[in-house]
Protein chains: 2
Amino acid sequence: MDVRTLCLGILALGDASGYEIKKMVAEGSFSFFSEASYGSIYPSLTRLTEEGFVTCEFFSQDKRPDKKIYSLTEKGRLALTEELRRDPGPDKNRSEFLAALLFAEAVSPDRIQNLVEERIDEHRMKIRSLQKLLDEAMSPASHFVINYGIAMQKAALDYLEHHQASLIKKIIAAGPTE
Amino acid sequence: MDVRTLCLGILALGDASGYEIKKMVAEGSFSFFSEASYGSIYPSLTRLTEEGFVTCEFFSQDKRPDKKIYSLTEKGRLALTEELRRDPGPDKNRSEFLAALLFAEAVSPDRIQNLVEERIDEHRMKIRSLQKLLDEAMSPASHFVINYGIAMQKAALDYLEHHQASLIKKIIAAGPTE
DNA sequence: GTGTACATGTAAAGTGTTACATGATTTC
DNA sequence: GAAATCATGTAACACTTTACATGTACAC
């Protein structure tokens, strides 16, 4: 899903500024299955405005930088519906962690153990932050999606905790790293 | 992880042609956490050869197109080790499916139900194909990684199966799509 | 005969990230 | 006084996909 459609979808849930969209993607309900940087969000919003999919209202704020709040137009809503009518593509998961494990022959067992333990901590933190998000989530869909994220994080955590020891043992048994 | 490093890592597991690398990424043990197209693999291999990280041997085959088999050099192995010494970045998961669910307000309950059911089938297929891969996997690391993939697929499948009904119910209860 | 697998490669186009630029206010 | 939060935006660069180009062999 490109940033353009992502913006359209987020604006379908409520008006927002570019800054707020970035926050939702980086820390909100979207954080575990999408990504976008300012460098792609701001140009997208400009283009969406030019094309009439969103409108933009300017707000001067006291003690804060000015703000531009974007709203979805009827045309924008239609475009989104049209986009969502098509089958979603398959999930794309990229993991440098798993790649590093697979290339383990070039890595020492100590290093592997370390990587796995760090990863376990990260999963624990991620679970806590998702559980916090759950309290703020309002729609049934966002509950469902956040709980999905928690379930996945727990599954990864569980797998690592239960198989880490045997992995290290086997790597050592497979012989000293050439 | 860029395609360059991915090629380096795959070649660390054994010599291969560009075509074979593509297959490993598209269907092999790498399939659920990385991606690369011919358009990025071939240029990467050319550059890696120019820079001395890999060497290339040409094979004429009977009844088959010619083949170029690449091998990692000592310099390449060092570069890979160096790369793997650095902390792996966080996983990146992108899911059009979850995005579609979150934008559910713009989608009918029937459509959602359909999407979830299709997704359940896909998970089942993916699990089967990963289990097949398991039979061919040799190193302890690849076993570990493939089993990790299976565990994640099962967790997603399980979550969808157990929460699908309540999601649909709640969406309907939340009122007809505006 | 039609499609898939084998096999390599290029060029254009698209998409995205990173780093930069700017600047007030609040929190530690 | 340093760092984070709020807030928008551009430009250079990196990376990737898509579409094209080419051709044999085998299975159905």
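Throughout, a chain's letter reflects where its sequence line sits, starting with A, and its residues are numbered from 1.
The pair A/Arg128-A/Asp121 fails the salt-bridge criterion, with no side-chain N (NZ, NE, NH1 or NH2) lying under 4.0 Å from an Asp/Glu carboxylate O. A salt bridge links B/Arg119 to A/Asp91: at least one charged side-chain nitrogen sits closer than 4.0 Å to a carboxylate oxygen.
Of all nucleotides in DNA chain D, those with any atom nearer than 4.0 Å to a heavy atom of chain A start and finish, going 5' to 3', at D/dT5 to D/dT10.
The two residues A/Lys126 and A/Phe32 have their closest heavy-atom pair at CE-CB, 4.3 Å.
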Under 3.5 Å, N/O pairs linking protein and nucleotides 4-6 of chain C:
from, atom 1, to, atom 2, distance (Å)
C/dC6, OP2, B/Tyr19, OH, 3.1

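Counting non-hydrogen atoms under 4.0 angstrom, B/Gly18 reaches the backbone sugars and phosphates but no base.
In this structure, the salt bridge (Lys or Arg N to Asp or Glu O under 4.0 Å) partners of B/Lys67, at least two apart in sequence or on a different chain, are B/Glu20. With sequence neighbours left out, the side chain to side chain donor-acceptor pair (under 3.5 Å) criterion links A/Thr73 to no other residue. When the side chain to side chain donor-acceptor pair (under 3.5 Å) test is applied to A/Arg47, the partners found at least two apart in sequence or on another chain are A/Glu51. With sequence neighbours excluded, no residue satisfies salt bridge (Lys or Arg N to Asp or Glu O under 4.0 Å) with A/Glu118. A/Glu83 is linked by a salt bridge (Lys or Arg N to Asp or Glu O under 4.0 Å) to A/Arg86, counting only residues two or more places apart in sequence or in another chain. B/Lys22 meets the side chain to side chain donor-acceptor pair (under 3.5 Å) test with no other residue; sequence neighbours excluded.
With the nearest nucleotide of DNA chain C identified for both B/Gly39 and A/Ser37, B/Gly39 has the one nearer the 5' end. Residues A/Ser40 and B/Lys68 each lie close to DNA chain C; by heavy-atom proximity, the contact nearer the 5' end of the strand is made by B/Lys68.
Here C/dT27 presents its P atom at 11 Å from NZ of A/Lys63, a figure rounded to the nearest Å. With rounding to whole Å, A/Asp2 atom CG is found 11 Å from C/dT17 atom P.
Checking B/Leu8, B/Leu45, B/Leu11, B/Leu80 one by one against B/Phe53, the side-chain contact (heavy atoms from CB on, under 4.5 Å) holds for a single residue, B/Leu8. Screening A/Gln131, A/Glu122, A/His123 for a side chain to side chain donor-acceptor pair (under 3.5 Å) with A/Gln153, the sole residue that qualifies is A/His123.
Consecutive pairing runs in DNA chain D reach the stem threshold at C:1-28 with D:1-28, where a stem means at least three Watson-Crick or G-U wobble pairs with distances under 3.5 Å.
Within residues 83-92 of chain B, no residue approaches DNA chain D, by heavy-atom distance under 4.0 Å. Heavy-atom distances under 4.0 Å link DNA chain D to no residue of residues 44-57 of chain B.
A salt bridge (charged side-chain N to carboxylate O under 4.0 Å, His left out) check over residues 140-161 of chain B, counting only residues at least two apart or in different chains, returns the pairs B/Arg124-B/Glu161.
Open room surrounds CD on B/Glu57; 12 or fewer heavy atoms of other groups in view lie less than 6.0 Å from it.
Below 30°, between 30° and 60°, or above 60°: for A/His163 and B/Phe144 the angle between ring planes is above 60°, a perpendicular geometry.
Interatomic distance, A/Ile112 CD1 to A/Phe103 CZ, rounded to the nearest 0.5 Å: 11.5 Å.
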